[in-house]
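Take a look at the structure below.
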Amino acid sequence: MTLPTPTPRFLPAGTLALTATAALIVSTVVPASAEPAIEPYTAADNVEIIFDATEVDVPGASSALDAEDALAESVIDDVLDFRSTELSTLDAQDRDVRVDIRETSDDAAFGVAIVTAPEVEGEEPYAWLFAAELDSDGWEVGLEGTEEFSEILAGSDLMDTEQRETVAASTDPEQISPMAYTGVGLPFSIGTSMVMTGGPHGFSSGPPYSSVDFAGGNGQARAARGGYAYSLCSGWTRVIHDNGYSTDYYHLEDYQWLPGNNVGVGHYLGTQGNSLCAGGSTTGAHIHFALRAYTDPNAAGWYVGLGGRTLGGWTFVEGASYGGYAYRDGVGTVYPGGSLYNYGF
């Protein structure tokens, strides 16, 4: 930095004052290096990172972050971008972000990302499987239902070969075509009945009306179609089917932990309950059952409305949230509070 030229004694007094002021300004400039550093997401109070150091060896440590923190930063960045929100906004809504790192292989990683919900009526959590790949620029992350997720997963050594290839293909929006035939039953055993306690409603407070609530019968939640089953938390299971759909089962108790098991239709998942492992609310024990699809490359495996779709042999019609009904030709119409028989698919 060039210092001001010393002022000759014969300059006018006003010039002397101006020069002194300039010197003061120069001396109080704050260098860029003194500006506050941006706090990483992983330092926030509403972020939780879950991994078992004895089972998972995460690559990619740096001088600034531990390896698991560096991976979590990239996952959280993808989640916030997809939800078009900020971590501070979620905090104000009493929502946390969890990054559960389940598996690593060489420079690839797999896990679950959850945005929890406050435990109040009308609020529900969100969750995605994620796959990530480490390169010279850091972690590239793909959320379940995006082309990136399928590409990263298919090109890795994560999971066993059949599981990896099936899940990658079944969630790839470039390979999945919309189907009028859903090919999914109801979340209890074929040939049995449960009460539809809540008609089509959103997984959150609004549309799409992707979800139906069931209770009664023997109370057991069972896979509505075969596929690979992933426990998102202790009470919430997602089964990824081979036809471009997946199904969610929430609030379960007497829970079976499934870290990617290949299950058949009717596989036991748990029982109706009040579990709030990722937040939300219940007014009584039930199975919150929801349908997701992978046909939209911009939707990251998002929930799809049940209106006009047939599940378990019943075609659902949307009305007001938790209203609507289901009908079957030759059998009749069932409104919330009525019993549905699972005819399978």
Side-chain angles (χ1 to χ4, degrees), residues 46 48 50 90 93-98 100 112-129 184-189 192-206 208-224 229-239 246-259 261 263 266-292 303 306 311-312 316 320-324 326 334-340 342:
N46 64 327
E48 180 182 7
I50 303 170
L90 295 178
Q93 297 169 349
D94 199 22
R95 291 180 178 270
D96 295 340
V97 179
R98 293 182 196 157
D100 186 350
V112 175
I114 295 179
V115 176
T116 68
E119 294 187 3
V120 296
E121 186 176 356
E123 298 291 343
E124 300 289 351
Y126 313 115
W128 303 262
L129 305 180
V184 172
L186 294 173
F188 45 92
S189 294
T192 66
S193 300
M194 292 188 81
V195 175
M196 181 172 66
T197 57
H201 56 281
F203 204 85
S204 56
S205 56
Y209 289 167
S210 62
S211 307
V212 185
D213 293 339
F214 290 99
N218 65 10
Q220 294 182 353
R222 295 191 174 262
Y230 296 91
S231 295
L232 305 178
C233 55
S234 295
W236 185 4
T237 296
R238 177 166 301 157
V239 181
S246 64
T247 46
D248 276 15
Y249 312 74
Y250 190 38
H251 303 311
L252 305 185
E253 297 177 358
D254 296 324
Y255 186 69
Q256 183 179 30
W257 184 264
L258 298 166
N261 301 54
V263 303
H267 185 90
Y268 175 84
L269 305 175
T271 62
Q272 62 187 21
N274 295 287
S275 168
L276 300 175
C277 63
S281 66
T282 64
T283 56
H286 69 281
I287 303 166
H288 181 95
F289 178 60
L291 182 69
R292 296 162 62 90
Y303 297 97
L306 295 178
L311 293 83
F316 287 83
S321 183
Y322 291 93
V334 175
Y335 293 89
S339 180
L340 287 183
N342 186 5

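Note that the structure is a prediction, hence the values are computed from the model and not measured.
- Side-chain contact between Y249 and F289 is present, with heavy atoms from C-beta onward closer than 4.5 Å.
- Remark: the backbone N or O of S281 is not paired with any side-chain donor or acceptor of E121 at under 3.5 angstrom.
- For Y268, the ring-ring contact (aromatic ring centres under 6.0 Å, His included) criterion is met by no residue, not counting sequence neighbours.
- With 3.5 Å as the limit, one finds no donor-acceptor pair spanning the side chains of Y230 and N261.
- H288 and E124 are not linked by any side-chain donor-acceptor pair at a separation below 3.5 angstrom, with hydrogens and angles left out of the test.
- Scanning for ring-ring contact (aromatic ring centres under 6.0 Å, His included) contacts around F188 gives F214, with sequence neighbours left out.
- Applying the salt bridge (Lys or Arg N to Asp or Glu O under 4.0 Å) test to R98 and every residue at least two apart in sequence or in another chain returns E48.
- Within the 4.5 Å cutoff, side-chain heavy atoms of V184 are placed close to those of T247.
- Not counting sequence neighbours, D94 has no partner by the side-chain hydrogen bond (donor to acceptor under 3.5 Å, both in side chains) test.
- Here H286 contributes atom NE2 and T271 contributes atom OG1; the two are 12.5 Å apart, rounded to the nearest 0.5 Å.
- For H201 and Y322, the distance between ring centers is under 6.0 angstrom.
- In this structure D96 satisfies the salt bridge (Lys or Arg N to Asp or Glu O under 4.0 Å) test with no other residue, sequence neighbours excluded.
- In the model, R222 has a side-chain atom that pairs as donor or acceptor with a side-chain atom of S189 under 3.5 Å.
- Annotation: side chain of S211 is not in contact with side chain of Y209 (no heavy-atom distance under 4.5 Å).
- With sequence neighbours left out, the ring-ring contact (aromatic ring centres under 6.0 Å, His included) criterion links Y255 to no other residue.
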